[in-house]
There are 2 protein chains.
Amino acid sequence: MAMGRPRGFDVDEVLEAALRVFWAKGYEGTTMADLSAATKLRAGSIYGAFGSKEGLFKQVVDRYSDNVYGYGAAALAADSPREVARLWLYGAADATTRPEYPAGCLLVQGALAAGDAAIEPGADLRARRQVAVVKLTERFAEAGELPPDVDPGDAARYVIALSQGFAVQAASGASRAELRSMADLALRQLPWE
Amino acid sequence: MAMGRPRGFDVDEVLEAALRVFWAKGYEGTTMADLSAATKLRAGSIYGAFGSKEGLFKQVVDRYSDNVYGYGAAALAADSPREVARLWLYGAADATTRPEYPAGCLLVQGALAAGDAAIEPGADLRARRQVAVVKLTERFAEAGELPPDVDPGDAARYVIALSQGFAVQAASGASRAELRSMADLALRQLPWE
DNA sequence: TGATATCTTGAACAGAGATTCAAAAAGTGT
DNA sequence: ACACTTTTTGAATCTCTGTTCAAGATATCA
């Protein structure tokens with residue numbers, strides 16, 4: 001049985017190009033014309049491969065979570081709360097100021113406040129941010145690592161709040177050096193220590 | 001000489017109504033139809049009074065900076081870095097979780113990532129965020145209050161990063177209690193102490 | 001080669017977006 | 001009452017947006 005005409009593009013390259021656009025302009029600020037220009041595909045091909053602008057965005061966010069945002073996994077594997085926090089903060093400082101990517105974090109600036117057309121993408125990003133909170137909370141909840149009067153959830157939200165602040169400031173033009181310096185300051189004395 | 005027909009609305013009430021819409025949906029996510037519905041004005045009246053959607057947004061941001069976001073002034077007037085940080089963080093926790101307003105911070109979620117139509121509003125918000133960094137840096141730079149090896153700019157960016165993280169998490173649905181608890185954790189031990 | 005299946009293309013589509021405008025309305029001052 | 005000025009109204013405008021579609025292109029399999 002016939003296989004049909006093969007794709008003239010590489011899905012990964014297209015997702016990579018679309019990622020940069022969504023990252024820089026946000027979901028609502030990105031137009032199909034932007035995506036068409038960045039991917040060098042006609043709108044019809046994008047619809048054929050991804051179903052809709054929203055479908056493309058979802059796959060882009062998947063890719064982002066797995067790759068660019070993946071420093072979290074390394075941090076979670078560290079063997080002390082301090083080391084977890086250090087890797088998380090350094091990872092955030094670097095990930096939000098990559099020279100080859102737009103500044104900031106897609107999960108934060110992709111659709112923080114959403115109009116009617118972006119409710120679902122916004123909820124998707126929010127859920128993914130929440131995953132980080134849950135994972136970090138579980139990590140901090142491991143026995144005997146935090147003082148007993150410190151709530152692991154508070155500690156997790158604290159570290160994540162800082163990294164989200166990094167994302168906002170990176171999007172505002174802060175340099176990697178400034179963010180790293182801020183991380184160093186925070187690591188002078190973690191609040192539960 | 002004749003005075004012309006008087007306005008049928010109160011500018012302050014209209015700005016207040018528009019504020020809630022921009023706050024909840026962001027600049028790009030807000031449509032003139034949204035604004036028209038919230039203010040009970042026809043588009044023509046809005047244009048007559050504010051010139052454009054962008055002009056209305058600027059005035060809304062002015063109002064926001066003066067009123068809702070004004071807890072910063074109280075914090076800056078405190079007499080120690082710890083007290084400045086405490087008032088700033090508590091103020092941010094409360095301001096981003098007001099029951100009568102949308103969650104989060106207009107300056108953060110109004111236009112963090114912007115498409116072509118929102119470049120200027122985005123730059124406006126960024127400049128206003130930067131004002132907070134500068135003011136807090138100046139406050140922390142006052143003689144003899146921080147350890148000499150701590151950069152006042154780092155300290156300012158640290159406090160602001162936390163409060164911006166509060167804004168992101170509030171927009172994600174975090175409760176006031178969670179944010180306050182996070183602030184308390186941060187205040188157990190400030191990193192420069 | 002021919003049948004089949006998928007992809008690409010480019011135009012067309014309908015709806016929504018911000019903005020404008022002429023006419024009607026509603027005040028002030030003489 | 002009249003002239004004058006500004007606001008309100010409601011429709012119209014015009015661009016942009018996401019999406020669809022039919023026709024042509026390009027592969028595989030028999």
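Chain A is the first sequence line, chain B the second, and so forth, proteins listed ahead of strands; every chain is numbered from 1.
- Taking atom CZ on Phe9(A) and atom P on dT26(D), their separation rounds to 16 Å, with Å as the unit.
- Distance from the side chain of Arg42(A) is smallest for dG10(C) among the nucleotides dG10(C), dT9(D), dA18(C).
- As a whole-Å value, the separation of Arg7(A) CZ from dA25(D) P is 21 Å.
- How far CG of Leu125(A) is from NZ of Lys58(A): 10.0 Å, rounded to the nearest 0.5 Å.
- What separates NZ of Lys25(A) from P of dG18(D) is a distance of 11 Å, to the nearest Å.
- For dT6(D), the base has no donor-acceptor partner in the side chain of Arg5(B) [N/O atoms by modelled type, under 3.5 angstrom].
- The CZ-P distance, from Phe50(A) to dT19(D), rounds to 14 Å in whole Å.
- In terms of phosphate contacts, Thr31(A) brings a side-chain nitrogen or oxygen within less than 4.0 Å of OP1 or OP2 of dG18(D).
- Taking the nucleotide of DNA chain D with the nearest heavy atom to each of Glu28(A) and Lys40(B), the more 5' of the two is matched to Lys40(B).
- Residue contacts shown for Ala43(A) include a base, since a base heavy atom lies under 4.0 Å away.
- Judged by the 6.0 Å distance and 45° axis criteria, Lys135(A) is not positioned over the aromatic ring of Phe140(A).
- Base contact: Gly44(B) has a heavy atom under 4.0 Å from a base atom.
- In summary, Glu100(B) and Arg20(B) do not engage in a salt bridge, as defined by a charged side-chain N under 4.0 Å from a carboxylate O.
- One interatomic measurement links the two molecules: CG of Leu56(A) to C1' of dT19(D), which rounds to 14 Å at whole-angstrom precision.
- If you take CE of Met32(A) and C1' of dT17(D), they are 10 Å apart, rounded to a whole angstrom.
- Rounded to whole angstrom, the span from the CG atom of Asp10(A) across to the P atom of dT8(C) amounts to 12 Å.
- Looking at heavy-atom distances under 4.0 Å, Ser36(A) makes no contact with the nucleic acid at all.
- Atoms OG1 and CD, on Thr30(B) and Glu28(A) in that order, are 8.5 Å from each other to the nearest 0.5 Å.
- When distances are taken from the side chain of Ser45(B) to each of dT9(D), dA18(C), dT9(C), the shortest belongs to dT9(D).
- If Pro6(A) and Glu54(A) are placed on DNA chain D by their nearest nucleotide, the residue sitting closer to the 5' end is Glu54(A).
- Taking the six-membered ring for Trp and thresholds of 30 and 60 degrees, Trp88(B) and Tyr71(B) have ring planes more than 60 degrees apart, a perpendicular arrangement.
- The NZ atom of Lys53(A) sits 15 Å away from the C1' atom of dG15(C) (whole-angstrom rounding).
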